[in-house]
Amino acid sequence: MPNFATSIATHYHERTKYHPQTIAAKNQGLDWSKQPIPFKEYKIGQSYDLTPYLSETSPSDPQAQEWQRLSRLLGCSYGLTAKIPTMGNPIYLRSAPSAGGLYPAEVYLISRGTALLPPGLYNYQAQNHSLVHFWDDEVWSKLQQACWFHTALENTQLAIITTAIFYRSSWRYEDRAYRRIFLDTGHLLGNIELACSINHYRPHLIGGFQDHLLNKLLYLEPEEEGVITVIPLTDLLEQTQEKLVTYKPTALPSPIQTDYPAIADGELLSYFHQATAIQTSESPQPFINLSDAQSLEDKYNFPFCLKVSTKTVPIDWGKELYDLEKTILRRRSTRAYTGGNLTLEELKSLLHFTYQPQDYLSQELDPIPDYFDLSLIETFIAVSGVTGIDSGCYYYAPKAQELRQIRFKNFRQELHYLCLGQELGRDAGAIIFHTADLQKAVEKYGDRVYRYLHLDAGHLGQRLNLAAIQLNLGVSGIGGFFDDQVNEVLGIPDAEAVLYLTTLGRPRYQ
């Protein structure tokens, strides 16, 4: 029976933890006859082929140039990057990583009416890199209504909407899939943000909206597929500097729910998604306005601990961010590490690109990446093999740009166990843990904050992914781990709920 003194977000998190005593019972094997297809099909609608515009050469025709920008934006965000033959259906890889290669996200475009795209609804078809115009109508006012007439939608003509098809992930990960769906979407957000910089758009992230109105707008079956984010796109080649405005991502609460019924296994994901939806027609306000001053200081400053500066020079992404685009497209999740050491300078560069975006202004990267609330996310690093720094567990203080040691030990064997026996955990040179104080986060944004926390953690993880690939390092995210034991073994404070792990090391295979 649920504990009615806890919120549904806390209840969901506790129910979906992995425990050494019970994980074997959860792993009953997969029904391969029910494996989901990671592509959505539309039987009707006009198709716009984007493949002719993938050329690196800029066309002379202005309209073709606009098609090229849109084509490269979508391709870098969620396009196919490899096709692997198998005995059955081929495996397709995309520019954004996904747990188990399941790709629960779908990407839609809503057009207000542009020179390229008539008003209406479009779905991005990654399998053949095209857009399907499946609804031809003026829908922008409905989008604005669903987002309480957000100011970012006033002067923009295009918006990306990301959704999740829940079964694609729950087929394998059951109720815990909800965590992975939002981590995967966070990876996608990281790509969208950087692809926008490359192609001269500016994204504005909206996570607070009337869920039922947007699901209805896109003709979704809400039990199967739900809207996750809305991202208006400002065209920087059309807007003058005087008109450009930066909007804080909209992160609104859903009510804190404690009067939920007993929920059976297998039904928790769907119930939780509905519980974190916003149904009211009036824009809700945060329950508690925590002081902004709290987010200006690094959270943990342990007395007498070893402190290591992480200040370094920015990664050079090349002229017109050429290397960044290539890195997005060649990114792969590493399958095995050699166990060899990283260097401290490599670790510094990884952290710098992920947490110090202001230092990349000279390279024309968006100076303010769209996160919902990074003041809620903390970072801990388990160092097993990094030349130039002692093994142990460290807290990373992004404002001070330093590592603060909280436990001195080489945790290789323990990390192998904590990562469910995955050799990636044992052989990595370092593992980065993203955590959050779930209780305080719920107090600030309600149960809906669970979405925002995992979106932000996945977004950070994708920046780590791309920095690692640029440095020719191995990298792989892990969403499955023994939750409570991570805190206990590494010395991470108990209040910090572990959201995501990113392993880093020397790849065994290039």
Side-chain angles (χ1 to χ4, degrees), residues 97 300 302 305-313 315 327 331-355 378-398 401-435 457 460-482 485-492 498-510:
Y300 295 107
F302 306 96
C305 68
L306 172 67
K307 296 182 179 181
V308 179
S309 173
T310 61
K311 294 180 180 179
T312 189
V313 298
I315 293 173
T327 297
R331 180 216 58 80
R332 294 286 183 274
S333 296
T334 303
R335 300 304 176 195
Y337 298 125
T338 65
N341 280 11
L342 306 176
T343 68
L344 180 56
E345 284 304 315
E346 288 169 333
L347 182 58
K348 288 181 179 180
S349 293
L350 292 164
L351 295 172
H352 189 271
F353 178 68
T354 304
Y355 292 93
E378 303 300 334
T379 302
F380 295 85
I381 305 177
V383 173
S384 298
V386 178
T387 302
I389 185 173
D390 292 337
S391 297
C393 186
Y394 294 79
Y395 169 70
Y396 174 62
Q401 296 189 57
E402 65 182 18
L403 295 172
R404 300 169 181 171
Q405 191 175 50
I406 60 175
R407 203 162 268 191
F408 175 77
K409 183 181 178 180
N410 190 304
F411 290 103
R412 277 198 190 274
Q413 295 307 316
E414 290 87 346
L415 290 166
H416 187 209
Y417 168 76
L418 295 174
C419 295
L420 311 185
Q422 297 181 69
E423 292 183 355
L424 289 171
R426 182 195 65 197
D427 298 335
I431 301 181
I432 295 182
F433 295 78
H434 289 121
T435 72
L460 289 167
Q462 182 62 355
R463 290 184 76 94
L464 286 168
N465 272 310
L466 297 176
I469 296 300
Q470 176 67 5
L471 297 173
N472 293 315
L473 301 176
V475 59
S476 184
I478 293 180
F481 44 84
F482 290 133
Q485 286 73 19
V486 167
N487 297 74
E488 178 183 349
V489 171
L490 299 180
I492 296 173
V498 181
L499 306 174
Y500 194 30
L501 281 62
T502 301
T503 64
L504 300 157
R506 299 284 174 201
R508 188 175 299 172
Y509 312 105
Q510 290 287 352

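If you read the sequence from its start, that first residue is 1, and numbering goes on from there.
Put simply, the side chain of Arg426 never gets that close to the backbone of Gly339: no donor and acceptor are under 3.5 Å apart. Distance alone, capped at 3.5 Å, is enough to place a donor-acceptor pair between the Asn410 side chain and the Ser384 backbone.
Shown here for Cys419 and Leu501, the closest heavy-atom pair between the two residues is SG-CD2, 3.7 Å. Here the closest non-hydrogen pair linking Thr327 and Leu466 is CG2-O, 3.4 Å. Closest of all the heavy-atom pairs between Val489 and Phe411 is O-CE2, 3.4 Å. Closest non-hydrogen pair, Tyr500 versus Gly477, comes out as OH-CA, 3.4 Å. Gly425 approaches Ile431 most closely through the heavy-atom pair O-CD1, 3.7 Å. Of all heavy-atom pairs spanning Ala468 and Gly474, the tightest one is CB-O, 4.4 Å.
The only member of Thr379, Leu490, Ile381 that meets side-chain contact (heavy atoms from CB on, under 4.5 Å) when paired with Phe433 is Leu490. None of Leu350, Thr343, Leu504 except one satisfies the side-chain contact (heavy atoms from CB on, under 4.5 Å) rule with Leu473; the exception is Leu350.
Between Cys305 and Lys307 there is a side-chain heavy-atom pair separated by less than 4.5 Å. Residues Ile478 and Leu420 are not in side-chain contact: their nearest non-hydrogen atoms beyond the backbone lie 4.5 Å or more apart. Side-chain contact check for Glu378 versus His434: every heavy-atom pair is 4.5 Å or farther apart. Annotation: side chain of Tyr355 is not in contact with side chain of Thr310 (no heavy-atom distance under 4.5 Å).
With rounding to the nearest 0.5 Å, the separation of CD in Gln462 from OG1 in Thr502 is 9.5 Å. Between atom CG of residue Leu342 and atom NZ of residue Lys348 there is a gap of 14.0 Å, rounded to the nearest 0.5 Å. Rounding to the nearest 0.5 Å places CD of Glu423 at 13.5 Å from CZ of Arg335. A distance of 5.0 Å separates CD1 in Ile492 from SG in Cys393, rounded to the nearest 0.5 Å. Rounding to the nearest 0.5 angstrom, the gap separating the NE2 atom in His352 from the CZ atom in Arg463 is 10.5 Å.
Applying the salt bridge (charged side-chain N to carboxylate O under 4.0 Å, His left out) rule to Arg506 yields the partners Glu346; only residues at least two apart in sequence or on another chain are considered.
Figure legend: cation-pi geometry between Arg404 and Tyr395 absent, as NZ or CZ is not positioned both under 6.0 Å from the six-membered ring centre and within 45° of its axis.
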